[in-house]
Amino acid sequence: MNLLVQTSTDDGTFHGPSIMEFFPDIILFEGTGFDINRIMLIRFLAVLALLVVFWLGTRNMKIVPSKFQSLIEMALDFVRVNIAEDLLGKVDGKRFLPILTTMFFMVFTMNITGIIPFLNIAGTSVIGVPLVLALISYVTFIYAGMKKSPGKFWKNSLFPTGVPWPVYIIVTPIEFISTFVIRPVTLTLRLLMNMVVGHLLLVLFFAATQFFVVTLGGWFIPLGGVTLAFGFAFTLFEILVALLQAYVFTLLTAVYIQLAVAEEH
């Protein structure tokens, strides 16, 4: 694994991962206004890989699909059936399927770069991508509600039924903050922090392995084997986290759309 931290110095002390890893040096077009650092390059590569995979999987569709086409269809059906149609129904599910599908695969692809050798950091581990996706989710559910019925959308969002009128003085500000402030913030932070913590833990395990085996050696080598085993186990766990975070982000977006178009909630 390509470590991004200096594990030891001349005095033999261990140095763990730093938050500065998420602010790498510019590697392309420095000073041009289009500066590209390592994380930006990883994002471009992730998007390119995603486009290539879906182009290869859908360019020559057959009635009897190949294994690769079947895999692509299964992935697309997962979002269509288990997220879009389950929560929004056939009609609204079809309307919002493109944006939900794009969100799911974009988040997953950028998450999974955190465990790919020579990349080793998620494209979603810096706030830009999570924030943009959260804002798209935010705009989408507001658009859905306004398109369906502007009056009912604002009434349902800010004035829930069954509440005595005087209590709205307290309830309405809480509903406003919950719906229009906390939603995009939690979407952004949930995705961002999971990827940040995952990267730091992976680097810590593998950096510790290098420190125990290479720097200290001797009796510390078995301890390096332990940290190496934890590193590989956590790598497998990060694959699950990458998939789960993509699912949760897309699912919550669909839930927010469903609440926005509901007659009452």
Side-chain angles (χ1 to χ4, degrees), residues 1-7 15-57 71-72 75 79 99-137 184 187-210 228 231-250 253:
M1 174 169 286
N2 180 30
L3 297 178
L4 301 179
V5 295
Q6 182 181 2
T7 60
H15 290 266
S18 167
I19 198 69
M20 293 309 295
E21 293 172 37
F22 302 100
F23 303 94
D25 295 334
I26 303 300
I27 57 176
L28 291 173
F29 311 125
E30 185 173 3
T32 64
F34 299 94
D35 302 345
I36 296 178
N37 61 23
R38 184 167 175 270
I39 296 177
M40 286 298 299
L41 184 59
I42 287 171
R43 289 170 174 171
F44 290 142
L45 292 175
V47 171
L48 179 62
L50 187 62
L51 292 174
V52 169
V53 166
F54 276 97
W55 176 73
L56 291 175
L71 184 64
I72 296 297
V79 180
I99 195 166
L100 295 175
T101 302
T102 302
M103 275 187 177
F104 179 85
F105 289 105
M106 183 177 177
V107 172
F108 175 73
T109 305
M110 290 203 178
N111 285 352
I112 207 68
T113 60
I115 62 159
I116 296 177
F118 306 108
L119 299 181
N120 301 120
I121 194 167
T124 48
S125 60
V126 175
I127 198 169
V129 168
L131 180 59
V132 168
L133 290 174
L135 290 176
I136 292 173
S137 173
L187 277 176
T188 302
L189 293 182
R190 181 185 295 107
L191 177 58
L192 173 67
M193 297 312 298
N194 272 280
M195 294 302 104
V196 168
V197 171
H199 173 76
L200 292 177
L201 285 173
L202 280 176
V203 173
L204 179 62
F205 286 132
F206 287 108
T209 300
Q210 180 180 335
L228 181 63
F232 280 115
F234 198 79
T235 298
L236 297 177
F237 180 70
E238 277 296 286
I239 297 174
L240 177 62
V241 170
L243 180 61
L244 184 61
Q245 287 302 312
Y247 176 72
V248 169
F249 196 101
T250 310
T253 299

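Any value given below was found using the heavy atoms of this structure, including those in side chains, with hydrogens, waters and symmetry copies removed.
For L244, the side-chain contact (heavy atoms from CB on, under 4.5 Å) criterion is met by V248, not counting sequence neighbours. Scored by the ring-ring contact (aromatic ring centres under 6.0 Å, His included) test, F104 finds F78 as partners (sequence neighbours excluded). By the side-chain contact (heavy atoms from CB on, under 4.5 Å) test, L236 pairs with I239, sequence neighbours left out. Applying the ring-ring contact (aromatic ring centres under 6.0 Å, His included) test to F232 and every residue at least two apart in sequence or in another chain returns F206. T209 is linked by a side-chain contact (heavy atoms from CB on, under 4.5 Å) to V213, T227, L228, counting only residues two or more places apart in sequence or in another chain.
Listed by first then second residue, pairs satisfying side chain to side chain donor-acceptor pair (under 3.5 Å) with a partner in residues 121-137 read N111-T124, S137-T253, not counting sequence neighbours.
When ring centroids are compared, F105 and F108 stay outside the 6.0 Å threshold.
The shortest distance between side-chain heavy atoms of M106 and V129 falls below 4.5 Å. Looking at heavy atoms from C-beta onward, L243 lies out of side-chain contact with Y247 at the 4.5 angstrom threshold. When side chains are defined from C-beta on, R38 counts as touching N120, because their heavy atoms get closer than 4.5 Å. Residues L187 and L133 fail the side-chain proximity criterion, which asks for heavy atoms closer than 4.5 Å. Side-chain contact check for F23 versus N37: every heavy-atom pair is 4.5 Å or farther apart.
Here CZ of F249 is found 6.0 Å from CG of L191. Values are rounded to the nearest 0.5 Å. To the nearest 0.5 angstrom, L200 atom CG is 8.5 Å from I121 atom CD1. The CG atom of L189 lies 9.5 Å from the CG atom of L131; values are rounded to the nearest 0.5 Å. Interatomic distance, I112 CD1 to I115 CD1, rounded to the nearest 0.5 Å: 4.0 Å. In this structure, CE on M193 lies 12.0 Å from OG1 on T188, to the nearest 0.5 angstrom. Atom CD1 in I19 sits 9.0 Å away from atom NE2 in H199 (nearest 0.5 Å).
Between A134 and P184, the closest heavy-atom pair is CB-O, 3.6 Å. Looking at every heavy atom in both residues, L202 comes nearest to E238 through CD1-CG, 3.8 Å.
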Let me check something: any side-chain donor-acceptor pairs from residues 40-56 under 3.5 Å, sequence neighbours excluded? List them with distances.
{"unit_1": "R43", "atom_1": "NE", "unit_2": "G123", "atom_2": "O", "d": "2.7"}
{"unit_1": "R43", "atom_1": "NH2", "unit_2": "G123", "atom_2": "O", "d": "3.1"}
{"unit_1": "R43", "atom_1": "NH2", "unit_2": "V126", "atom_2": "O", "d": "3.1"}

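Put simply, the side chain of N194 never gets that close to the backbone of L192: no donor and acceptor are under 3.5 Å apart. Checking side-chain atoms of Q210 against main-chain N and O of A207 turns up no donor-acceptor pair under 3.5 Å.
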